[in-house]
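Data block below; observations after.
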Amino acid sequence: MNDFDALLKRSFAEAHEPADDGFSVNVGRGVARSEAALKVRNATYAVGMAAAGATILYGAYGLVGAFGQEILATAGLEVARAHSALSSAPTVNTQGMIQSLGAGLSQVMLVVAVLAGGAVVYRQTQD
Amino acid sequence: MAARGFLNLAQATEAALIIAALARDQAAFGELVKRRQGWARALLRRMCNSHAEADDLAQEAFIKAWDRLRDLETPAAFPGWFRRIAVTTFLMAKRKQKAIFEEIDDASPIASEESTPEAAAGAKIDLEKALAKLSDAERLCVTLNHGEGLSHSEIVEMTGLALGTVKSHVLRGTEKLRRLLEPAT
């Protein structure tokens with residue numbers, strides 16, 4: 001570093017800093033506005049999420065009304081088949097059990113998807 | 001309001017203020033702004049040609065800092081973290097104004113300021129006036145290098161400019177300042 005660089009650094013270090021002539025008050029107002037806007041955004045988001053949740057529930061209710069009995073009957077049948085596969089042979093009837101699980105997989109996946117979707121929505125609302 | 005019970009704002013350390021601000025204590029953040037506003041505004045005033053524009057950008061930078069406080073890893077990192085926000089705010093404003101930071105015309109003469117009446121008379125020119133004679137990019141790089149003590153690579157990382165561009169801006173800006181600030185011999 002030469003003499004001029006040292007002089008320059010010293011000039012920067014010794015340079016005048018402006019006095020707080022209402023600047024921090026203005027920043028405080030800006031921060032308060034930002035917080036208020038954030039609250040409005042969060043409220044809008046919560047209302048949107050509630051509306052979306054209500055819509056999904058309404059749709060699910062319609063589906064259950066239309067296909068509920070069929071789904072329950074299928075699930076019952078699959079449970080019966082799985083039970084039969086497990087209990088009918090002295091050794092485990094692997095093929096029958098796999099068939100049963102395969103047939104019931106759509107219901108299992110549906111439940112898992114609902115749980116995963118719920119978890120994602122919950123995490124988003126927490127963020 | 002998490003820390004209000006034990007925190008006397010005027011006597012609190014900066015780290016305590018930052019921790020309270022992280023708990024969304026606006027009063028603690030206000031005290032932090034009071035303490036740091038001089039440095040932040042001086043930094044931006046050196047980078048901008050206009051005090052009013054610099055103060056607007058400083059205000060914007062502080063509000064951004066409030067919004068992003070959760071990104072601050074440790075209270076000790078606050079000065080560097082805030083400097084980055086201030087520089088980014090400055091660069092975004094300049095990009096809106098279509099300022100050019102990358103192009104360097106190496107064929108152009110470094111400066112003709114040595115022929116200004118002040119220099120000719122050997123008059124003392126203050127730093128701020130001398131900085132005003134530099135281009136936006138030179139002012140930015142010289143301020144960060146000489147004023148804030150950042151290395152060329154740190155300036156590259158902060159501004160996104162190429163290393164060669166930063167080196168050239170620092171060199172040319174410093175040379176211009178030398179001609180402006182050193183008394184005529």
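Hydrogens, waters and symmetry mates play no part in the numbers below; they use all other heavy atoms, side chains included.
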Original post:
For the hydrophobic clusters of this structure (ILVMFWY residues joined by side-chain heavy atoms under 4.5 Å, transitively), does one cluster hold both A/V79 and A/L72?
Top reply: no
Original post:
Taking all non-hydrogen atoms of both residues, which atom of A/P18 and which atom of B/G38 are closest, and how far apart?
Top reply: CD-O, 3.6 Å
**OP:** Please work out which of the three classes, parallel, tilted or perpendicular, describes the rings of A/F23 and B/F62, given edges at 30° and 60°.
**Re:** perpendicular
Subject >> Part of B/L131 within contact of chain A (heavy atom distance under 4.5 Å) >> reply: side chain
Subject >> Atom of A/A15, atom of B/R46 and distance for their closest heavy-atom approach >> reply: CB-NH2, 3.3 Å
Subject >> Residue part contacting chain A, namely of B/R45, when any heavy atom lies under 4.5 Å >> reply: side chain
Original post:
Using non-hydrogen atoms only, which part of A/S34 is less than 4.5 Å away from chain B: side chain, backbone, both, or neither?
Top reply: side chain
Original post:
Could you state the interatomic distance from CD (B/Q37) to CG (A/D20), rounded to the nearest 0.5 Å?
Top reply: 4.0 Å
Original post:
Do B/W39 and A/V25 share a hydrophobic cluster (ILVMFWY, side-chain heavy atoms under 4.5 Å, transitive)?
Top reply: no
**OP:** Check the surroundings of atom NZ in B/K64: do more than 12 heavy atoms from other residues, nucleotides or ligands lie under 6.0 Å from it?
**Re:** yes
Original post:
With hydrophobic residues grouped by side-chain heavy-atom distances under 4.5 Å, do B/F29 and A/L38 end up in a single group?
Top reply: no
Subject >> Selection from A/L7, A/N26, A/L8 maximising heavy-atom pairs under 4.5 Å formed with chain B >> reply: A/L8
**OP:** Using the rule that two of Ile, Leu, Val, Met, Phe, Trp, Tyr join whenever any of their side-chain heavy atoms come within less than 4.5 Å, decide whether B/M92 and B/V156 are in one cluster.
**Re:** no
Original post:
When you measure from the side chain of B/R41 to the backbone N and O of A/A19, does any donor-acceptor pair fall under 3.5 Å?
Top reply: yes
**OP:** Report the distance from atom CG of B/L127 to atom CD of A/E14, rounding to the nearest 0.5 Å.
**Re:** 10.5 Å
Original post:
Between CZ of A/F4 and CZ of B/R179, what distance do you get to the nearest 0.5 Å?
Top reply: 11.5 Å
Original post:
At a heavy-atom separation under 4.5 Å, does B/A40 approach chain A through its side chain, its backbone, both, or neither?
Top reply: neither
**OP:** Using the rule that two of Ile, Leu, Val, Met, Phe, Trp, Tyr join whenever any of their side-chain heavy atoms come within less than 4.5 Å, decide whether A/L63 and A/Y61 are in one cluster.
**Re:** no
Subject >> Atom pair CZ/CD of B/R24 and A/E35 - distance to nearest 0.5 Å >> reply: 4.5 Å
**OP:** Evaluate the side-chain contact (heavy atoms from CB on, under 4.5 Å) criterion for residues A/V27 and B/W66: first the C-alpha distance (whole Å), next the side-chain angles of each, then the deciding distance (0.1 Å), finally the verdict.
**Re:** CA-CA 10 Å; A/V27 173; B/W66 167 257; over 6 Å; no
**OP:** For B/H146 and A/D5, work out which heavy atoms get closest and say how close.
**Re:** CE1-OD1, 3.7 Å
